[in-house]
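Computation of the quantities below employed the complete heavy-atom set of this structure, encompassing side-chain atoms and omitting hydrogens, waters and symmetry-equivalent molecules.
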Amino acid sequence: MKIVTADLEAEIERLLGPGLEKNSWRRDFEAFRERRLWNENYHRRRVRILSREWGKAARGTILDLGTGRGGLAVALAREGYPVVALDLRRNCCRLAKLRAYRYGLDLPAVCARGEELPFRGESFTGVVCRDVLEHCECPGLLLAEIHRVLRPGGSCFVTVINRWAWVDPHYHLFASSFLPGPLRDRYVRLRGRDKGTARDRQRLSELHSFSYREFVRWASSFGFRVRDLAAESLERYRRESTRSWLRWVRSRLLRPFSLHANHFEFLLLKAA
């Protein structure tokens with residue numbers, strides 16, 4: 001059941017306001033604004049991937065760690081998954097709950113740091129850690145906590161910024177990743193895209209990024225088995241068209257040099 005009221009929508013737009021203002025430089029701003037307002041409707045591909053990996057909701061509860069605007073948490077909840085949203089920022093927790101109210105859902109939302117999760121060990125079948133690792137204070141503690149709260153046989157969907165991205169996924173600037181740290185921030189300011197949120201680790205020089213092989217080795221050291229979801233997808237579809245085959249070849253050739261993608265999508269599996 002969909003419940004949309006003027007007061008509800010006004011509060012969602014108010015909470016999103018500061019983030020929208022900081023992205024007013026985008027050429028696609030109106031489409032960007034629509035995606036922010038109705039973010040839960042733009043996660044079909046990720047929900048499809050996670051549903052394939054996690055199966056039916058009865059298997060257990062999912063933790064959306066760093067829920068942000070709450071779109072993916074609500075999209076999963078709409079598919080019947082028991083989801084707990086977690087974020088360091090209270091406004092994000094409130095926003096996630098308001099999105100869920102649109103569909104008559106009462107989404108649990110917890111305000112806490114990812115490096116100090118307030119849950120018992122082995123509490124979750126799955127964890128989502130999307131667009132979080134680059135912003136956290138200590139990525140090592142975050143991965144250790146994810147491993148702790150996952151049940152044996154559980155898995156974590158995580159996105160990782162490529163240290164050698166051709167276009168950085170936050171400011172959308174070509175070749176900025178190849179500049180030394182201070183020059184990256186200066187480049188952002190010169191292009192008029194500075195978000196002015198140093199306290200949230202938004203500066204390009206402060207974001208945690210990894211080369212492909214570096215992250216795979218690092219995550220493995222925590223006891224995870226690492227699967228590359230994008231590579232698996234290309235492998236499945238490479239015979240369907242010339243375009244898919246060419247993308248597969250390009251990825252295979254550039255992956256050893258970490259030049260094949262701007263960010264990575266991995267599934268981290270905890271041993272059963």
Taking Lys270 for its side chain and His147 for its backbone only, find out whether a donor-acceptor pair lies under 3.5 Å.
-> yes
Phe210 versus Asn162: any side-chain heavy-atom pair under 4.5 Å?
-> no
Thinking salt bridges, do Lys97 and Asp106 make one under a 4.0 Å N-O criterion?
-> yes
Which distance, rounded to the nearest 0.5 Å, do you find between the CZ of Arg250 and the CG of Leu234?
-> 10.0 Å
Any side-chain heavy-atom pair of Val128 and Leu65 under 4.5 Å | no
Residues Arg227, Glu53: salt bridge by 4.0 Å N-O rule = yes
Are the charged groups of Glu9 and Arg102 less than 4.0 angstrom apart, N to O?
-> yes
Flag side-chain contact, heavy atom, 4.5 Å: Tyr81 against Leu50 | no
Non-hydrogen side-chain atoms of Thr61 and Thr125 separated by less than 4.5 Å | no
Between the CG atom in Leu63 and the CG atom in Leu150, the distance rounded to the nearest 0.5 Å is 8.5 Å
Test item: His260 side-chain N/O and Arg252 main-chain N/O as donor-acceptor pair under 3.5 Å | no
For Leu173 and Arg191, run side-chain contact (heavy atoms from CB on, under 4.5 Å): C-alpha distance rounded to whole Å, both residues' side-chain angles, the deciding distance at 0.1 Å, then the answer.
-> CA-CA 9 Å; Leu173 293 172; Arg191 293 296 303 273; 3.5 Å; yes
Partner of Cys129 by side chain to side chain contact (heavy atoms under 4.5 Å, CB included), out of Leu268, Val158, Leu143 = Val158
Roughly how far, to the nearest 0.5 Å, is OG1 of Thr159 from CD of Glu134?
-> 5.5 Å
For Tyr171 and Arg193 the tightest heavy-atom approach is O-NH1, 2.8 Å
Is it true that Arg35 and Asp28 make a salt bridge, defined as a side-chain N closer than 4.0 Å to a carboxylate O?
-> yes
Within 6.0 Å of CZ in Arg225, more than 12 heavy atoms from elsewhere | no
In terms of side-chain geometry, is the basic nitrogen of Arg45 or Glu265 positioned less than 4.0 Å from the acidic oxygen of its partner?
-> yes
Are more than 12 heavy atoms from other residues, nucleotides or ligands located less than 6.0 Å from atom CZ of Arg186?
-> no
Could you please spell out the steps behind the salt bridge (charged side-chain N to carboxylate O under 4.0 Å, His left out) verdict for Glu13 and Arg33?
-> CA-CA 10 Å; Glu13 189 158 3; Arg33 178 178 178 275; 2.3 Å; yes
Please confirm whether Phe264 and Phe215 have ring centers closer than 6.0 angstrom.
-> no
Candidate pair Glu137 and Arg113, rule salt bridge (charged side-chain N to carboxylate O under 4.0 Å, His left out), full reasoning | CA-CA 9 Å; Glu137 186 174 349; Arg113 295 176 70 240; 3.4 Å; yes
At what distance, to the nearest 0.5 angstrom, does CZ of Arg163 lie from CD of Glu214?
-> 9.5 Å
Candidate pair Phe222 and Arg148, rule side-chain contact (heavy atoms from CB on, under 4.5 Å), full reasoning = CA-CA 10 Å; Phe222 287 86; Arg148 181 182 67 83; over 6 Å; no
Closest non-hydrogen atoms of Leu204 and Arg184, given as atom of the first, atom of the second and distance, are O-NH1, 3.7 Å
For Tyr212, which of Phe257, Phe266, Trp164 qualifies under ring-ring contact (aromatic ring centres under 6.0 Å, His included)?
-> Phe266
pair Leu269-Phe224: side-chain heavy atoms closer than 4.5 Å = no
What do you reckon, are the aromatic ring centroids of Phe29 and Trp25 less than 6.0 Å apart?
-> no
Do NZ/NE/NH1/NH2 and the carboxylate oxygens of Glu40 and Arg69 come within less than 4.0 Å?
-> no
Taking atom types as modelled, is there a side-chain donor on Arg26 or His172 under 3.5 Å from an acceptor on the other?
-> yes
Determine whether Leu16 and Leu37 make a side-chain contact, defined as any pair of heavy atoms from C-beta on separated by less than 4.5 Å.
-> yes
Taking the side chain as C-beta and beyond, is there a heavy-atom pair between Leu267 and Val226 under 4.5 Å?
-> no
Distance-only, no hydrogens or angles: does the Ser221 side chain make a donor-acceptor pair with backbone N or O of Trp218 under 3.5 Å?
-> yes
Asp87 side-chain N/O to Gly68 backbone N/O, donor-acceptor pair under 3.5 Å = yes
Report yes or no: do Arg78 and Asn41 form a side-chain donor-acceptor pair below 3.5 Å?
-> yes
Nearest heavy-atom pair of Gly60 and Arg151: which atoms, and what distance?
-> CA-NH1, 4.0 Å
How about Ser176 and Asp168: does a side-chain donor come under 3.5 Å of a side-chain acceptor?
-> yes
What distance separates Ser211 OG from Arg217 CZ, expressed to the nearest 0.5 Å?
-> 6.5 Å
Taking Thr67 for the side chain and Asp64 for the main chain, is one N or O donor matched with an acceptor at less than 3.5 Å?
-> no
dist Asn39:CG -> Leu72:CG (nearest 0.5 Å) comes out at 8.5 Å
Tell me whether Leu179 is reachable from Val167 by hopping between hydrophobic residues (I, L, V, M, F, W, Y) whose side-chain heavy atoms are closer than 4.5 Å.
-> no
When the aromatic ring centroids of His263 and His170 are compared, is their separation below 6.0 Å?
-> no
Hey, would you say the Trp166 and Phe178 ring centroids sit under 6.0 Å apart?
-> yes
With the side chain counted from C-beta on, respond yes when Ile161 and Leu207 share a heavy-atom pair under 4.5 Å apart, and no when they do not.
-> yes
For Trp54 against Ser155, the heavy-atom pair lying closest together = NE1-OG, 2.9 Å
